[in-house]
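For the numbers below, each heavy atom of this structure counts, side chains included, while hydrogens, waters and symmetry mates do not.
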Amino acid sequence: MSPSYKKPHRKRLRLNRNPNLVPESESKMATAEEINNDSLPTLPIDLVPDIFCWLPVKLLVQLRCMCKSWNSLISDRNFTRKHLSLSTTRRLYSAAYEHKPDGLVHNSYPLDSVLSSKIKQQLLPFNSIVASCDGILCLCDKRKGIAVLWNPSIRKFKELPPPFENVQIRKKAFMTFGFGYDHVSDNYKVVVLYYYEPNLPITTTVKIHTLGTNFWETIPTFPFGTHVFDEHSGTHLRGTINWPAYTGRGRKGPFFIASFDLVKESYQKLLLPAHAEISLPYLSLAVLRDCLCLISGHDIWVMKEYGIQESWAKLFSVSFMQHPTKRYVLYTALYIFEDDRLLLETLEGWENKLVVYDSKNDTFKVTRFKNDVNVCLETLISPCS
């Protein structure tokens, strides 16, 4: 052996070298023990959940197939709740459900696709999204009184039992659904409000379904002599579901917000801004940055402290609503970006459109999305619990 040759400290498998220049002791294949000695350190098992909870849902769904322990971890309710608290990825969904096999039809888009002129939405037969909560979409078919819970991120859905056994009520009742989370019972609830005009005096009946049960419970009616705007679904915020409501016949005031507490299963009456000019027939609610919002005319109001009338403040007055050549109606607000641009749903004639409004520059952009969509968080929460 040449005196200049130095024997390596460890034996390694050499590649892409002339075997005639490699000593005989190194030309052999590495043993399992040698490979094991060179492997990376093992990740402490108690760090796995902390790392996994930062991963995107799509990757976690794939990791569930790797081994039983990972599948058990990712399916665990405590892990899915922790992952939910850290999740920030949102997508746009349009969906429809028909009461037949494979009746769920949907489209999914990245949230920032509304800023692109290249993506065109595929139209669905009809919209049936009630609301989204913790990554679960609630869909319904008001014509048949059917409700479905669906998490598109993990592709799981559950059809709920029918809330109406009476065929006449199912066909002729005016109804609206709401969906939200009860933090005390750590469960999700679907609420349906309906009234049946042949019955006088007209009263709003309330039924509630708790996920995991197989029935709807009828609870006391609204105590205000209330009618809610049945074309609007309930808006969920911090364990409450909220509807714009009125007491007079023919949609006449006074107007207010009927709030239903999912924990106590009780009602509260929220007053509208004292100086707001209420514009009908379009009056709706939304949630922006964890605050209840009121949309009326071309104004968007925000309730900074939930339940406190004095905390209402006008967030924006959308000037494009007064376009001289087009008749826009502001239907609802879907999302507010970090730079304060608003994603709005509008009606132009009889056509729904999504608009991105920049209040700083007082400019707007009509997107290529036309029918109703919903912004939904990507999560691991299963509707089949």
Side-chain angles (χ1 to χ4, degrees), residues 97 127-133 137-149 160-182 188-211 213 215-272 280-287 292 294-295 332 374:
Y97 182 79
N127 176 265
S128 58
I129 297 180
V130 172
S132 66
C133 178
L137 287 168
C138 180
L139 301 93
C140 74
D141 182 350
K142 291 184 180 180
R143 298 171 298 177
K144 300 178 181 179
I146 299 170
V148 173
L149 299 181
L160 304 185
F164 308 109
E165 298 297 336
N166 188 309
V167 177
Q168 292 290 65
I169 292 179
R170 189 169 65 243
K171 289 183 176 180
K172 297 184 178 181
F174 295 90
M175 68 184 74
T176 175
F177 286 80
F179 171 61
Y181 176 66
D182 174 354
Y188 296 89
K189 296 179 178 180
V190 180
V191 180
V192 59
L193 278 60
Y194 67 97
Y195 63 91
Y196 187 47
E197 282 196 335
N199 294 335
L200 296 174
I202 297 176
T203 57
T204 301
T205 304
V206 184
K207 285 190 172 187
I208 187 168
H209 174 86
T210 302
L211 186 60
T213 66
F215 60 90
W216 291 77
E217 179 186 3
T218 301
I219 60 177
T221 58
F222 274 116
F224 317 120
T226 302
H227 302 301
V228 298
F229 285 67
D230 52 88
E231 69 270 22
H232 289 290
S233 301
T235 301
H236 175 254
L237 175 64
R238 301 180 209 165
T240 66
I241 301 179
N242 305 269
W243 288 269
Y246 58 99
T247 55
R249 295 291 301 272
R251 299 198 172 194
K252 295 181 179 179
F255 300 98
F256 58 95
I257 296 170
S259 172
F260 179 75
D261 190 313
L262 289 170
V263 176
K264 301 176 182 178
E265 295 188 359
S266 60
Y267 310 101
Q268 183 181 1
K269 187 175 183 179
L270 307 183
L271 300 180
L272 302 186
L280 292 179
Y282 299 102
L283 178 68
S284 63
L285 300 175
V287 174
L292 187 66
L294 171 71
I295 296 93
T332 191
N374 195 283

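- From Cys138, atom SG reaches atom CG of Leu160 across 7.0 Å, with rounding to the nearest 0.5 Å.
- Leu270 has its side chain within reach of Leu292: a pair of non-hydrogen atoms, C-beta onward, lies under 4.5 Å apart.
- Between Pro161 and His209, the closest side-chain pair of non-hydrogen atoms falls below 4.5 Å.
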Full working for side-chain contact (heavy atoms from CB on, under 4.5 Å) between Tyr267 and Ile219
CA-CA 11 Å; Tyr267 310 101; Ile219 60 177; 3.8 Å; yes
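- Within the model, atoms CG of Asp182 and OG1 of Thr210 stand 7.5 Å from one another, a figure rounded to the nearest 0.5 Å.
- Nearest heavy atom pair, residue Thr240 against residue Ser259, reads CB-OG, 3.8 Å.
- Separating the CZ atom in Phe256 from the CG atom in Leu271 is a distance of 9.0 Å, to the nearest 0.5 Å.
- Contact of the Glu265 side chain with the Val206 side chain is not registered, since no non-hydrogen atoms from C-beta on lie closer than 4.5 Å.
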Start with the C-alpha distance between Trp243 and Val191, add both sets of side-chain angles, then the distance that settles side-chain contact (heavy atoms from CB on, under 4.5 Å), and finish with yes or no.
CA-CA 12 Å; Trp243 288 269; Val191 180; 4.2 Å; yes
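- In this structure, Thr332 OG1 and Leu285 CG are separated by 8.0 Å, a value rounded to the nearest 0.5 Å.
- For the atom pair Leu149 CG and Cys140 SG, the distance stands at 11.0 Å (nearest 0.5 Å).
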Criterion side-chain contact (heavy atoms from CB on, under 4.5 Å) on Thr205 and Leu193, from CA distance to verdict
CA-CA 6 Å; Thr205 304; Leu193 278 60; over 6 Å; no
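- Using a 4.5 Å heavy-atom cutoff, the side chains of Val190 and Trp216 are in contact.
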